[in-house]
Amino acid sequence: MPIGSVFNNGVEGFNRASQGIEKASAEINRANIEQQDDAQLAQQRQLTAAGPEEAITAPVAQPARVDEALVNLKVEEFNAKANTQSIQTADDVLGTLIDIKV
């Protein structure tokens, strides 16, 4: 396998990992905003409730999937590290080849 293709594969993998990290971070942020919005909505309902039974009810919403986003973030971190290592190894091999040629 040519060294250039190892470099290219490493860079492409690192770019994919970076995009995955950005996506996971955005999902964590979105989940945090949704939780804040739900808390604010519940507080507004409590303040404007006509009776005590309405003040107790909380908004019905699906729980945010922060756990999945955190797992994805960690997976992408490992992918980035692995691709960085492949780039470093290709660089070392190329350096060795140049030293042998000269």
Exercise. Do V93 and V11 belong to the same hydrophobic cluster, where Ile, Leu, Val, Met, Phe, Trp and Tyr are linked whenever their side-chain heavy atoms lie under 4.5 Å apart, directly or via other members?
Worked result: yes

Exercise. Roughly how far, to the nearest 0.5 Å, is OG1 of T89 from CG of L94?
Worked result: 12.5 Å

Exercise. If every non-hydrogen atom of A69 is compared with every non-hydrogen atom of A24, which pair is closest and at what distance?
Worked result: O-CB, 3.6 Å

Exercise. Could you state the interatomic distance from CD1 (I28) to CZ (R65), rounded to the nearest 0.5 Å?
Worked result: 13.0 Å

Problem set entry | Lys/Arg-Asp/Glu bridge criterion (N-O < 4.0 Å) met for R30, E27 | no

Exercise. Is the side chain of N83 donor-acceptor paired with the backbone N or O of N79 at a distance under 3.5 Å, no angle test?
Worked result: yes

For this session: Indicate the atoms forming the closest heavy-atom contact of R16 with E76, along with that distance.
Result: O-OE1, 4.0 Å

Exercise. Looking only at heavy atoms, which two atoms of S86 and G10 are closest? And how far apart?
Worked result: OG-CA, 3.7 Å

For this session: For V71, check side-chain contact (heavy atoms from CB on, under 4.5 Å) against everything at least two apart and list the hits.
Result: V75

Exercise. Who pairs with Q88 by side-chain contact (heavy atoms from CB on, under 4.5 Å), at least two apart in sequence or on another chain?
Worked result: D91, D92

Problem set entry | Closest approach of A80 to A17 (non-hydrogen atoms, all atoms of both residues) | N-CB, 3.6 Å

For this session: Mind checking the CZ-CG spacing from F14 to N9? Nearest 0.5 Å is all I need.
Result: 15.0 Å

